[in-house]
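Read through the structure below, which is laid out as structure tokens, and then see the notes.
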Amino acid sequence: MADFRFDIIGEYFPLFMRGTLYTIGISLSGIILGSILGLAIGFGNLSKKWYLRLPMQGYIHFFRGTPLLLQIFIVHYGVVSNILGRTDAVVAAIVALALNAAAYTAEIYRAGIQSIDRGQSEAAKSLGMSHWQMMRYIILPQAIKRMIPAFGNEFIVLIKDSSLVAVIAAPELMYWAKGASSQYARVWEPYLTAALIYLTLTYSLNKLLIYLERKM
Amino acid sequence: MDPIIQVKDLSKSFGSNVVLSDINMEIGRNEVVVVIGPSGSGKSTFLRCLNLLETPQAGDITIEGRSLMDKGTKIEEVRAEVGMVFQQFNLFPHLKVIDNIMLSPMKVKKWTAEAARKKAMELLGKVGLADKANAYPTSLSGGQAQRVAIARALAMEPKIMLFDEPTSALDPEMIGEVLGVMKDLAREGMTMVVVTHEMGFAREVGNRIVFMEQGRILEISPPSELFDQPKHERTKAFLSKVL
């Protein structure tokens with residue numbers, strides 16, 4: 001460790017910073033798109049109609065039961081390249097992470113909604129509210145509050161898992177760490193720097209979550 | 001009698017467990033019917049069938065001439081005219097007291113906020129809680145919470161009020177304030193179906209008492225008869241335990 005080469009870090013610093021922005025951008029897009037898709041899947045999964053429920057359960061099983069790396073490959077080489085007619089690693093990364101996050105957030109929605117006491121929906125119904133009004137004014141406002149910590153955790157997981165898209169050459173943080181490592185045949189400098197940046201991201205997000213939870 | 005609720009051959013089971021069998025009765029306009037019986041006798045389930053919180057397997061319920069089992073009946077419209085008060089109050093904890101009361105008139109009946117607020121304040125005054133309008137439900141005592149729940153149900157201007165053991169979750173010193181509000185309602189001519197263990201209330205306020213056991217109605221009589229000369233051995237045995 002005596003010959004720790006700070007010059008490598010210095011040289012790669014702008015790329016690390018750009019990579020970090022990509023990491024944040026890809027993860028944030030993934031969690032936002034995933035949460036929207038997950039809402040539809042979660043509601044479908046709660047439906048009494050089997051033809052809505054079964055496909056959603058299949059979706060959740062598939063995306064929670066197969067490796068994310070495999071999903072990234074399928075989306076990158078199969079789905080996105082076929083639709084766009086060319087490969088686009090960043091688009092593929094966002095789509096893969098969003099599809100994966102949707103399965104997990106769907107479960108967060110389901111658990112959150114089911115955690116609300118039956119008496120709440122009974123009271124809403126007894127007052128003449130429709131199913132939609134009950135969800136909109138009674139169940140979701142209470143459920144979302146309980147979901148926020150779980151969403152935060154999913155976001156933290158997604159930030160870390162987004163490093164996997166380095167293998168399809170999406171130019172995020174891990175990709176540049178790998179690049180620096182192979183250019184100089186060095187391990188510690190690039191990977192410790194990347195680790196420090198990941199830690200900073202997840203740690204500050206965790207702190208923000210604790211603050212939000214306490215505020216509510 | 002001018003019946004507002006008609007129950008015909010009502011049956012309900014959870015799996016193989018029969019909770020209600022062949023319930024038949026009519027409830028008249030402005031009548032107060034009190035349902036008593038041992039726990040597990042099906043009285044709460046019976047009450048919850050009247051606004052379809054439980055779905056019966058057989059039989060029919062007609063409210064104001066509309067069959068609840070008819071596919072063409074919009075159950076939300078029926079529920080808007082049938083208020084319900086629960087054992088556990090079920091106030092909405094994320095809304096202030098006043099918003100608990102205003103929500104349904106505004107969203108279901110499309111009242112203006114102004115009209116709903118006026119009605120809510122009037123009802124809060126009536127249940128003696130005008131000063132709690134801006135409090136959150138968690139800050140209320142059980143008795144206060146239940147009175148707010150009654151005001152919330154009344155804000156929909158229901159024709160019928162259902163009470164499902166409204167005082168069973170209350171500390172003894174708070175039971176009186178809730179029963180007081182219910183007595184006022186009865187005096188104003190509200191049609192009420194009350195499931196309760198408060199025999200004093202049943203005797204004083206009830207026009208007819210229904211005694212249920214094992215999913216069946218064993219006896220329906222005016223309170224003086226049911227309490228003083230019960231026809232059925234089971235009624236006698238039950239009353240000797242609770243009185």
Side-chain angles (χ1 to χ4, degrees), chain A residues 35 38-39 42-43 45-53 105 108-153 208-216, chain B residues 44 47-55 74-95 99-111 116 136-138 145-146 148-165 169:
Chain A
S35 303
L39 183 66
F43 266 93
N45 191 20
L46 281 172
S47 171
K48 287 198 183 84
K49 302 184 178 87
W50 65 268
Y51 53 85
L52 284 177
R53 200 174 59 239
T105 53
I108 297 175
Y109 286 115
R110 186 190 55 75
I113 288 169
Q114 286 181 340
S115 78
I116 303 301
D117 182 57
R118 255 178 86 93
Q120 292 291 301
S121 59
E122 289 182 353
K125 281 184 202 161
S126 79
L127 289 163
M129 286 187 216
S130 66
H131 184 78
W132 165 244
Q133 287 172 327
M134 172 182 93
M135 279 293 164
R136 164 76 182 76
Y137 299 110
I138 306 302
I139 307 297
L140 283 179
Q142 297 182 60
I144 284 172
K145 220 168 127 176
R146 295 188 191 178
M147 293 174 198
I148 285 176
F151 271 108
N153 286 332
L208 179 71
L209 273 177
I210 291 169
Y211 170 77
L212 278 180
E213 258 180 86
R214 202 172 298 148
K215 230 185 124 188
M216 290 191 316
Chain B
S44 281
L47 194 74
R48 290 159 57 83
C49 281
L50 296 181
N51 64 353
L52 286 202
L53 284 185
E54 304 287 353
T55 316
K74 274 202 168 166
I75 187 61
E76 287 88 0
E77 288 175 12
V78 178
R79 283 176 179 155
E81 298 191 337
V82 181
M84 187 165 205
V85 174
F86 301 85
Q87 184 176 349
Q88 299 296 339
F89 329 134
N90 296 343
L91 292 179
F92 306 132
H94 61 302
L95 299 177
D99 296 319
N100 261 274
I101 302 174
M102 287 168 61
L103 184 66
S104 258
M106 286 170 64
K107 301 303 173 191
V108 177
K109 292 189 135 183
K110 313 290 176 202
W111 288 11
Y136 278 92
T138 44
Q146 194 61 298
V148 171
I150 293 172
R152 179 177 69 178
L154 290 176
M156 291 296 285
E157 302 186 326
K159 293 179 178 155
I160 301 162
M161 284 285 284
L162 310 176
F163 291 86
D164 188 5
E165 302 203 23

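Residue numbering restarts at 1 for every chain, and letters A, B, ... go by the order of the sequence lines. All values reported here derive from a predicted model rather than from experimental measurement. Note that these values count all heavy atoms, side chains included, but never hydrogens, waters or copies made by symmetry.
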Applying a strict 4.5 Å limit to non-hydrogen atoms, the region of A:R118 in contact with chain B is side chain

Distance col, row A:S130:OG vs B:I75:CD1, nearest 0.5 angstrom, shows 13.5 Å

Scored by heavy-atom pairs under 4.5 Å with chain A, the best of B:E77, B:E81, B:Q88, B:R48 is B:R48

Around atom NZ of B:K109, are there more than 12 heavy atoms of other residues, nucleotides or ligands at under 6.0 Å?
yes

With chain A, the option among B:K74, B:M156, B:H94 that has the most non-hydrogen atom pairs under 4.5 Å is B:H94

Do B:L103 and A:M129 have side-chain heavy atoms sitting under 4.5 Å apart? yes

In terms of heavy-atom contacts, B:F92 and A:A123 come closest through CE2-CB, 3.9 Å

Comparing B:A149, B:P93, B:A153, B:P105 against chain A, the one with the most heavy-atom pairs below 4.5 Å turns out to be B:P93

Indicate yes or no for a side-chain donor-acceptor contact from B:N51 to the backbone of A:S126 under 3.5 Å, with no hydrogens or angles considered. no

Cut-off 4.5 Å, heavy atoms of chain B, and the answer for A:Q133 is side chain

Most contact-rich option vs chain A, by heavy-atom pairs under 4.5 angstrom, among B:V85, B:L91, B:L162, B:V82, is B:L91

| request: Please answer whether the main-chain N or O of A:K125 pairs with a side-chain N or O of B:E76 as donor and acceptor at a distance below 3.5 Å. | output: no

